[in-house]
Participant: 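Please find one structure pasted underneath; my questions will follow.
Naming: A, B, ... by sequence-line order, numbering from 1 per chain.
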There are 2 protein chains.
Amino acid sequence: MTTTELTPAQMADRTGVTIDTLRYYEREGLIQNVARAESGHRRYSHNDVLWVEVLRCLRDTGMTIDQLRHYSELGAQGDHTEPERKRILLEHRALVERQIAERQAALELIDHKLSYYTGESS
Amino acid sequence: MTTTELTPAQMADRTGVTIDTLRYYEREGLIQNVARAESGHRRYSHNDVLWVEVLRCLRDTGMTIDQLRHYSELGAQGDHTEPERKRILLEHRALVERQIAERQAALELIDHKLSYYTGESS
DNA sequence: CAACAACCTAGAGTGCACTCCAGATCAACC
DNA sequence: GGTTGATCTGGAGTGCACTCTAGGTTGTTG
């Protein structure tokens with residue numbers, strides 16, 4: 001097998017996404033056109049690795065499967081969908097900024113509560 | 001009704017948490033010793049408001065209901081649980097820091113992808 | 001005091017994102 | 001060539017955090 005083709009197990013290893021989840025993402029349209037060996041077994045490319053990393057980045061910051069499907073389908077539809085994809089990324093960017101602000105406020109509240117405790121923690 | 005006692009609807013209004021969720025939290029042991037009117041209807045105190053704000057802060061940053069129940073029960077058990085509560089807050093604080101770092105990395109990836117798009121967004 | 005809103009409890013239902021299962025096929029090694 | 005491990009498909013199951021329902025009680029307002 002060439003270095004640029006990964007089996008499902010290798011792909012799971014590289015991306016940290018389980019085989020079941022990779023199949024689920026494919027079924028849901030988040031990963032498209034995955035290559036197959038003659039046997040019918042999946043063969044993931046380097047681009048697939050990069051794409052799954054993007055998916056996980058967006059997913060881990062709160063983008064839903066529905067939204068990821070939409071974004072993925074736009075990518076498959078060609079260059080004319082770029083403005084819409086840009087819009088989606090900008091909107092998600094704003095969400096992530098809000099999440100950071102929310103978490104910074106949470107840190108302040110936690111620190112405030114911690115300031116009431118003496119230093120005798122284990 | 002005095003200013004320091006809130007009906008369920010008023011409590012939902014103040015905290016942004018629905019009445020159903022307030023009841024759910026109480027059932028799960030996240031909110032304890034909620035006062036009742038003679039009718040049996042709940043009456044929330046100012047402390048309850050503050051506590052629910054803490055719950056939501058922790059919940060919104062990824063603490064599970066199980067963990068929140070544990071933390072709440074410790075609070076009800078008295079001062080000797082302070083070290084454990086401090087430990088929980090410190091651990092959660094570390095989680096929130098990781099979430100912020102993860103999201104800052106996400107912003108970089110998003111910005112990197114955005115840099116490939118021209119400025120013609122709607 | 002009638003009507004309508006707010007509240008009560010116990011328990012069932014929902015939506016999301018996975019995660020697992022059964023039964024079959026394919027690949028690799030002794 | 002037989003066993004063992006990886007992969008395949010379609011579909012069922014899981015866990016979490018709510019969210020809603022049914023059937024009844026309480027409170028308020030004209």
Side-chain angles (χ1 to χ4, degrees), chain A residues 1-2 5-45 48 51-72 92 95 99 102, chain B residues 1-2 5-45 48 51-72 92 95 99 102:
Chain A
M1 179 170 303
T2 74
E5 286 193 317
L6 299 177
T7 65
Q10 290 169 332
M11 181 69 170
D13 217 53
R14 285 283 193 297
T15 62
V17 175
T18 68
I19 292 177
D20 275 330
T21 300
L22 287 169
R23 277 198 284 256
Y24 166 66
Y25 282 179
E26 192 178 336
R27 236 182 300 156
E28 294 296 321
L30 274 52
I31 311 172
Q32 290 170 349
N33 305 319
V34 175
R36 299 285 179 135
E38 287 141 26
S39 62
H41 292 188
R42 288 172 181 79
R43 292 294 178 261
Y44 293 97
S45 68
D48 290 332
W51 178 242
V52 167
E53 283 168 1
V54 171
L55 287 178
R56 284 311 317 179
C57 169
L58 296 173
R59 181 72 202 87
D60 288 343
T61 52
M63 192 174 285
T64 66
I65 297 294
D66 264 12
Q67 291 170 315
L68 285 169
R69 174 173 29 243
H70 181 217
Y71 183 65
S72 303
H92 189 68
L95 172 66
Q99 292 174 346
E102 179 182 38
Chain B
M1 181 170 305
T2 75
E5 286 193 317
L6 299 177
T7 65
Q10 289 169 331
M11 181 68 170
D13 217 55
R14 286 284 193 297
T15 62
V17 175
T18 67
I19 292 177
D20 276 331
T21 299
L22 287 168
R23 278 198 285 256
Y24 166 66
Y25 282 179
E26 192 178 337
R27 236 182 301 157
E28 294 296 320
L30 275 52
I31 311 172
Q32 291 171 349
N33 305 318
V34 175
R36 299 284 180 135
E38 287 141 26
S39 62
H41 292 188
R42 289 173 181 79
R43 291 294 178 264
Y44 294 96
S45 69
D48 291 332
W51 178 242
V52 167
E53 283 168 0
V54 171
L55 287 178
R56 285 311 317 179
C57 169
L58 297 174
R59 181 74 202 86
D60 287 344
T61 52
M63 191 174 284
T64 66
I65 297 295
D66 264 12
Q67 292 169 315
L68 285 169
R69 174 173 29 242
H70 181 216
Y71 183 66
S72 302
H92 189 69
L95 172 67
Q99 292 175 346
E102 179 182 38

Participant: Can you identify which nucleotide, out of C/dC18, D/dA17, D/dC8, has its nearest atom closest to the B/Arg59 side chain?
Facilitator: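 Given the options C/dC18, D/dA17, D/dC8, the side chain of B/Arg59 is closest to D/dA17.
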
Participant: Once you round it to whole Å, what is the distance between C1' of C/dC26 and CZ of A/Arg43?
Facilitator: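 The answer, rounded to whole Å, is 10 Å.
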
Participant: Between A/Thr15 (side chain) and A/Met11 (backbone), is there a donor-acceptor pair under 3.5 Å?
Facilitator: yes

Participant: Atom CZ of A/Arg69 and atom C1' of C/dG15: how far apart are they, to the nearest Å?
Facilitator: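 Whole-Å distance recorded here is 14 Å.
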
Participant: Check step by step if side-chain contact (heavy atoms from CB on, under 4.5 Å) holds for A/Trp51 and A/Ser72.
Facilitator: CA-CA 9 Å; A/Trp51 178 242; A/Ser72 303; 3.3 Å; yes

Participant: Taking for each residue the nucleotide of DNA chain C bearing the nearest heavy atom, is the 5' side occupied by A/Asp20 or by A/Gly40?
Facilitator: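 The 5'-side residue here is A/Asp20.
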
Participant: Ignoring the backbone of B/Thr21, work out which of C/dT19, D/dT19, D/dT26 is nearest its side chain.
Facilitator: D/dT19

Participant: Using whole Å, report how far CG of B/Leu6 lies from C1' of C/dC7.
Facilitator: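 Between C1' of C/dC7 and CG of B/Leu6: 15 Å.
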
Participant: Does A/Arg42 make a side-chain N or O approach to OP1 or OP2 of D/dT9 shorter than 4.0 Å?
Facilitator: yes

Participant: Respond yes when some side-chain nitrogen or oxygen of A/Ser39 is under 4.0 Å from OP1 or OP2 of D/dC8, and no when none is.
Facilitator: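 For D/dC8, OP1/OP2 do not have a side-chain N/O of A/Ser39 under 4.0 Å.
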
Participant: What nucleotide among C/dC18, C/dC8, D/dT19 has an atom nearest to a side-chain atom of A/Tyr25?
Facilitator: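 It is C/dC18.
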
Participant: Do the charged groups of A/Glu26 and A/Arg36 touch, with an N to O distance under 4.0 Å?
Facilitator: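 Judged by the 4.0 Å cut-off on N to carboxylate O distance, A/Glu26 and A/Arg36 do form a salt bridge.
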
Participant: Can you see if the side chain of A/Arg23 gets near the phosphate of D/dC8 - specifically, an N or O under 4.0 Å from OP1 or OP2?
Facilitator: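 Yes, within the criterion.
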
Participant: Is the side chain of A/Asp13 donor-acceptor paired with the backbone N or O of A/Gln10 at a distance under 3.5 Å, no angle test?
Facilitator: no

Participant: Distance only, no hydrogens: is a donor on one side chain within 3.5 Å (strictly under) of an acceptor on the other, for B/His41 and B/Thr7?
Facilitator: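 Distance-only check fails for B/His41 and B/Thr7.
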
Participant: Write down the distance between OH (B/Tyr24) and C1' (D/dT21), rounded to a whole number of angstrom.
Facilitator: 18 Å

Participant: Quick check on side-chain hydrogen bond (donor to acceptor under 3.5 Å, both in side chains): which of B/Arg69, B/Gln32, B/Arg56 does B/Tyr25 satisfy it with?
Facilitator: B/Arg56

Participant: Which of these nucleotides, C/dT19, C/dC8, D/dA17, is closest to any side-chain atom of B/Thr64?
Facilitator: D/dA17

Participant: Can you tell me how far C1' of C/dC16 sits from CG of A/Leu30, to the nearest Å?
Facilitator: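 Rounding to the nearest Å, CG of A/Leu30 and C1' of C/dC16 are 13 Å apart.
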
Participant: Need to verify one output field. Residue with the more 5' nearest nucleotide on DNA chain D, B/Glu38 or B/Asp66?
Facilitator: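 The answer here is B/Asp66.
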
Participant: Please state how far atom NE2 in B/His41 lies from atom P in D/dG24, giving the value in whole angstrom units.
Facilitator: 16 Å

Participant: When the distance from CG of A/Leu22 to P of D/dC8 is rounded to whole Å, what number comes out?
Facilitator: 10 Å

Participant: The side chain of A/Arg36 lies closest to which of these nucleotides: D/dA17, D/dG27, D/dT9?
Facilitator: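 Closest nucleotide to the A/Arg36 side chain: D/dT9.
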
Participant: Looking only at the side chain of A/Pro8 (C-beta and beyond, no hydrogens), which of the listed nucleotides C/dC7, D/dC18, D/dC8 gets closest?
Facilitator: D/dC8

Participant: Measure from the side-chain heavy atoms of A/Arg27 and tell me the nearest of D/dT26, C/dC20, D/dA17.
Facilitator: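 Minimum distance to the A/Arg27 side chain belongs to C/dC20.
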
Participant: Has B/Thr7 got a side-chain N or O lying under 4.0 Å from the OP1 or OP2 atom of C/dC7?
Facilitator: yes

Participant: Using a heavy-atom cut-off of under 4.0 Å over every strand shown, decide if A/Arg56 touches base, sugar-phosphate, or nothing.
Facilitator: sugar-phosphate

Participant: Quick check for you: among C/dC8, C/dC18, D/dA6, whose closest atom lies nearest to any side-chain atom of A/Ala9?
Facilitator: D/dA6

Participant: Atom CD of A/Glu5 and atom P of D/dA6: how far apart are they, to the nearest Å?
Facilitator: 19 Å

